[in-house]
There are 2 protein chains.
Amino acid sequence: MTPTDPDADAPAAPADRVRTLTRPDHEAARDLAAAALQRGDLLTVVGRCTVTYEGRAASELGPGDRHLTCKPDGTAMVHSDEGRQPVNWQPPGSEHEVSLHDGHLRVRSTREPPTEELVVDFERVLHVGAFDVTDEADLALVGTEEHLRERILDDPALVEPGFTPLATERETAAGAVDVFGEDAAGRTVVLELKRRRAGPDAVSQLARYVDALARDLHADAEVRGILVAPSATDRARRLLDERGLEFVALAP
Amino acid sequence: MTPTDPDADAPAAPADRVRTLTRPDHEAARDLAAAALQRGDLLTVVGRCTVTYEGRAASELGPGDRHLTCKPDGTAMVHSDEGRQPVNWQPPGSEHEVSLHDGHLRVRSTREPPTEELVVDFERVLHVGAFDVTDEADLALVGTEEHLRERILDDPALVEPGFTPLATERETAAGAVDVFGEDAAGRTVVLELKRRRAGPDAVSQLARYVDALARDLHADAEVRGILVAPSATDRARRLLDERGLEFVALAP
DNA sequence: TTGTGGATGTCGCCG
DNA sequence: CGGCGACGTCCACAA
């Protein structure tokens, strides 16, 4: 927290839900940023800065123009002008603090564990913004692996005629199997589902479950493993063949 | 870049590197946003909006306050007040456009392939910002898997006395092996490196390489596989044992 | 363009 | 908390 305002018991003015400064001096920027963190606002800072990170790894980033976001949940992100990924960040649950260092505006974010520290040092501030935002809505997403599973449970013949699902997330020594069932001949079947084109790791995953189940059941039990995905790479196909596993093309 | 302005030979006014509006009406917001996209600025919009996405999957998001970023490289991100991940986004290379719909400010981002469309519809705009930002600096990151590899090549005895690296990224039928070498007895050794605690997938990956190499070489060739990581989960240890593979504890 | 595997992955779920 | 696997993963790099 900021080292100010221990007892703001006087009813704060119903401040604007948005407060911004353009090209503020560093003290004004610090004040607005500190107030934003204090109030649990979303804080944005744009300007020329350097960034250092130390934690699971460590990084240095020289001067450049970037966009910093500090969320009320403790997330911090430093975005450059390119890329979907922030160039540096701190996960939710971190604590942010703002200060002046050598006449620079410094935002420091720490968390623990693991111990991680992100320091963003602005030598020039183009913009500071404090936003009182709330979001109650939930994202409704379709086309996931879960939908593929529902499709199969709805109509098991999509996998093959006579296939009967018996369980989902069935536990084995190697982990939980996506769909567990049996074929028309009563043989055990394991499905591994992928919402998109499957690669070698999907095959390895399926193989782990098949091996584990074959061991869990009788030594003589035959266990079929079927990879269900819209498509599979050549290498994945080859690995399937080598392991005596099968493939069924099916999309979410 | 924007697909316009073939001959902007008239010297553009040395416009501010930052232009923002607070609680603009939708037309003013549209004008500033359009100018920002035109100029290749970083565009930010904060306000109450709904979001729809359709492409590799599809999603709907009801009304809430969010922060939209459009980068000059075609990236778009919609951030809510929580989480490190944007609630919706568009990858770099997309094209953004801004318009008025039913009196709302609408930002639409599309790309191809795959065909994907993101529509952000603001019913209330708290803030619009246009920032002329550049970032030449490169991130210097340490503690990656590559550093672990360099550590091993520097001092192969960290793996075991007598270990001799012969190649990195050596190709096999199953893909490229992290480190390929031989032990003191001249046996072929495959290393799979992980910068952090290793799980079952790391073991499967190593097993794929060992199997492929044993096949590529002679049928009677013995190939040792060693997982090198700071630590490994119980399940990973068990899988290593089952497959006759080994583990060496080593951190980047 | 596609394939492949790393990532400070993040995130949710479950023991 | 740690393990485990999905993700509209993103991303760089190689073929």
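These numbers come from the heavy atoms of this one structure, side chains and all, not from hydrogens, waters or symmetry mates. Order of the sequence lines fixes the chain letters, A, B, ..., with proteins taken first and strands second; residue numbering starts at 1 for each chain.
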> Any side-chain heavy atom of B:Val179 within less than 4.5 Å of one from B:Arg149?
Replying inline: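 The answer is yes; the side chains approach within 4.5 Å.
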
> What nucleic acid atoms does A:Ala174 come within less than 4.0 Å of, heavy atoms only: base, sugar-phosphate, or nothing?
Replying inline: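 Counting heavy atoms under 4.0 Å across all strands, the contact made by A:Ala174 is with sugar-phosphate only.
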
> Which part of the nucleic acid, if any, lies within contact of B:Pro113, taking any heavy atom under 4.0 Å across all strands shown: a base, the sugar-phosphate backbone alone, or nothing?
Replying inline: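 Sugar-phosphate contact only.
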
> Got a sec: does the CD of A:Glu54 have more than 12 other heavy atoms crowding it under 6.0 Å?
Replying inline: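 No, because the 6.0 Å sphere around CD of A:Glu54 holds 12 heavy atoms or fewer from other groups.
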
For the base of [N], is there a side-chain donor-acceptor partner from [X] under 3.5 Å away?
{"X": "B:Gln90", "N": "D:dG8", "value": "yes"}
{"X": "A:Asp201", "N": "C:dT4", "value": "no"}
{"X": "A:Asp234", "N": "C:dG3", "value": "no"}
{"X": "A:Gln205", "N": "D:dG5", "value": "no"}

>> By nearest atom, which of the nucleotides C:dT10, D:dG8, D:dC11 is closest to the B:Pro92 side chain?
In response: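 Within the option list, the nearest is D:dC11.
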
>> So if I take every side-chain heavy atom of A:Thr144 and compare against D:dG3, D:dC7, C:dT10, which nucleotide ends up nearest?
In response: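 Selected nucleotide (nearest to the side chain): D:dC7.
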
>> Between B:Glu82 and A:Lys71, does the salt bridge (Lys or Arg N to Asp or Glu O under 4.0 Å) criterion hold? Intermediate values first, please.
In response: CA-CA 6 Å; B:Glu82 291 184 338; A:Lys71 292 191 178 187; over 6 Å; no

> Does the side chain of B:Arg84 get closer than 4.0 angstrom to OP1 or OP2 of C:dT8 through an N or O atom?
Replying inline: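 For C:dT8, neither OP1 nor OP2 has a side-chain N or O of B:Arg84 closer than 4.0 Å.
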
